[in-house]
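Accompanying notes for the structure given below.
A note on names: the letters A, B, ... follow the listed sequences, proteins ahead of strands, and every chain is numbered from 1.
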Protein chains: 2
Amino acid sequence: MPERKSRKDAVRNREAVLAAADALFARRESPEDVTMADVAAAAGVGKGTLFRAFGDRAGLLRALYEARLEPIREAAEAGPPPLGPGTPPQRRVSALLDAILCFKLDNRRLALALEESGNGSPYQAEHYEWWHSLLRAVLEQVPGLTDSGFTAHALLAATRADLVEHLAGHERVPRETARAQLANFATRVLTSGPARELSADD
Amino acid sequence: MPERKSRKDAVRNREAVLAAADALFARRESPEDVTMADVAAAAGVGKGTLFRAFGDRAGLLRALYEARLEPIREAAEAGPPPLGPGTPPQRRVSALLDAILCFKLDNRRLALALEESGNGSPYQAEHYEWWHSLLRAVLEQVPGLTDSGFTAHALLAATRADLVEHLAGHERVPRETARAQLANFATRVLTSGPARELSADD
DNA sequence: GAACATACGGACCCGCGGTCCGTTTTTCAA
DNA sequence: TTGAAAAACGGACCGCGGGTCCGTATGTTC
């Protein structure tokens with residue numbers, strides 16, 4: 001028996017909370033002045049309900065984030081090129097990074113809230129792990145590239161939510177410019193010719 | 001007369017706090033379970049004193065960080081090669097990144113505490129601004145490299161404290177390996193594609 | 001519709017950053 | 001040397017936010 005079905009007021013409230021939180025994070029300047037009590041109030045629900053449904057603040061953030069991310073995740077896992085498999089690795093890396101960047105541009109506050117939300121580094125988050133191993137796997141197929149694990153980390157670091165926020169929000173870099181710069185950067189990393197040192201693969 | 005000299009108990013206490021905080025951050029697992037009260041107690045001082053001397057938690061962190069960082073900063077600004085000026089740009093970029101990485105490896109907890117310490121992104125911190133503009137200036141002299149502003153951000157992102165912590169602490173990557181990987185990564189970024197390479201380093 | 005399971009919600013608790021203010025120490029001029 | 005103004009001390013105190021508890025309400029089942 002997988003799981004007994006929830007009561008319907010429970011699911012209704014869950015949705016309400018998700019929606020309210022989404023709206024709040026989008027509206028408020030900084031994620032950290034969206035308080036749990038705020039969310040509960042906005043959803044027309046008691047704090048107890050909120051915490052029962054999501055465990056803690058991080059849980060709520062995670063739920064929101066995963067919900068938003070799922071389409072992209074699927075597209076990356078089994079979608080059509082250039083995001084999905086069956087794309088030349090070099091091109092696919094760029095596409096993946098671009099997708100992540102766009103996602104974070106479109107969900108700045110939320111991504112920010114999740115990544116900086118106190119408890120533990122973003123590097124233990126399940127979704128990070130996922131992106132990292134996917135990217136690493138693809139990088140492994142790029143000829144002449146070593147240290148794909150580290151490289152994946154480094155490339156992903158260029159799409160960190162607070163950096164994106166800084167660029168888009170503070171430095172006023174336009175979306176397309178940011179995308180172009182990231183793409184350019186990725187290209188540089190991938191197409192470096194001569195720098196192989198201890199590679200024996202390929 | 002710029003500023004009247006502080007009372008000597010004030011400076012003594014300031015030192016005591018700095019030392020105590022340093023020790024505490026080094027010892028405790030996570031920076032966030034070093035409380036202000038802890039620091040005050042460890043320094044044998046009241047909370048009031050602590051806050052009067054440093055303004056707030058971020059101020060204390062900043063003071064600690066700056067103190068540790070100063071030597072490297074000077075070395076980078078006016079020291080001998082390869083860190084200082086008068087070094088070929090590519091080599092200098094690597095040297096700078098390596099210095100930052102080593103610094104963060106040696107001061108993991110502290111760097112972590114400062115970068116994640118709630119208030120605002122690390123990107124508004126004065127020291128970040130400093131590193132970024134230095135690195136950007138050097139990158140500007142690398143032939144064939146565009147977007148030096150973004151590139152500087154991206155390279156610095158690869159040395160973020162929580163990433164370093166993840167690599168060194170969680171993935172157990174040895175120091176020298178991490179350094180080599182970062183250097184390799186930097187090299188790739190700098191010696192890209194069509195421009196062939198002119199690296200004769202090492 | 002009774003009896004059981006489940007969810008509700010807001011009063012409540014706790015720890016932490018930060019402030020306040022009566023007390024103590026330092027300084028300095030007389 | 002002294003005494004009073006200036007500066008610093010320190011810990012009780014405050015507000016806020018995350019998280020819990022439990023008596024009450026609502027849905028579910030037979």
| Whether His153(A) and Tyr123(A) hold their rings parallel, tilted or perpendicular, with breakpoints at 30° and 60° |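 Because their plane-to-plane angle is over 60°, the rings of His153(A) and Tyr123(A) count as perpendicular.
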From C-beta outward on [X], which listed nucleotide comes closest to its side chain: [options]?
X        : options                   : value
Ala10(A) : dG10(D), dC8(C), dG18(D)  : dC8(C)
Asp9(A)  : dC9(D), dG10(C), dC8(C)   : dC8(C)
Arg57(A) : dG19(D), dC13(D), dG17(D) : dG19(D)
Phe51(B) : dT27(C), dG17(C), dG18(D) : dG17(C)

| What nucleic acid atoms does Arg7(B) come within less than 4.0 Å of, heavy atoms only: base, sugar-phosphate, or nothing? |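 Counting heavy atoms under 4.0 Å across all strands, the contact made by Arg7(B) includes a base.
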Between [X] and [N], does any side-chain N or O lie under 4.0 Å from OP1 or OP2?
X        : N      : value
Ser6(B)  : dA7(D) : no
Arg52(B) : dC9(D) : yes
Asn13(B) : dC9(D) : yes
Thr49(A) : dA7(C) : no

Rounded to the Å, how far apart are [X] [atom1] and [N] [atom2]?
X        : N       : atom1 : atom2 : value
Lys5(A)  : dG27(D) : NZ    : P     : 13 Å
Glu32(A) : dC16(D) : CD    : P     : 16 Å
Arg12(A) : dT26(D) : CZ    : P     : 11 Å
Lys47(B) : dC14(D) : NZ    : P     : 13 Å

| field | Nearest-nucleotide 5' precedence on DNA chain D, Met36(A) against Lys8(A) | value |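 Of the two residues, Met36(A) wins.
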| query | Should the heavy atoms of other residues, nucleotides or ligands under 6.0 Å from NE2 of His170(B) be counted, would the total exceed 12? | reply |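 Check fails, neighbour count at 12 or below.
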| field | Arg175(B) atom CZ, over 12 foreign heavy atoms within 6.0 Å | value |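 Enclosed: over 12 neighbouring heavy atoms sit under 6.0 Å from CZ of Arg175(B).
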| Does Arg73(B) come within less than 4.0 Å of Glu66(B), counting only side-chain N to carboxylate O? |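 Between Glu66(B) and Arg73(B) there is a salt bridge, with a charged N closer than 4.0 Å to a carboxylate O.
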| First encountered from the 5' end of DNA chain C, between Gly55(B) and Gly44(A) |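 By nearest-heavy-atom nucleotide position, the 5'-most residue is Gly44(A).
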| message | Suppose we call two aromatic rings close when their centres sit under 6.0 Å apart. Are Phe103(B) and Tyr65(B) close by that rule? | response |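 Here the rings of Tyr65(B) and Phe103(B) have centres that are less than 6.0 Å from each other.
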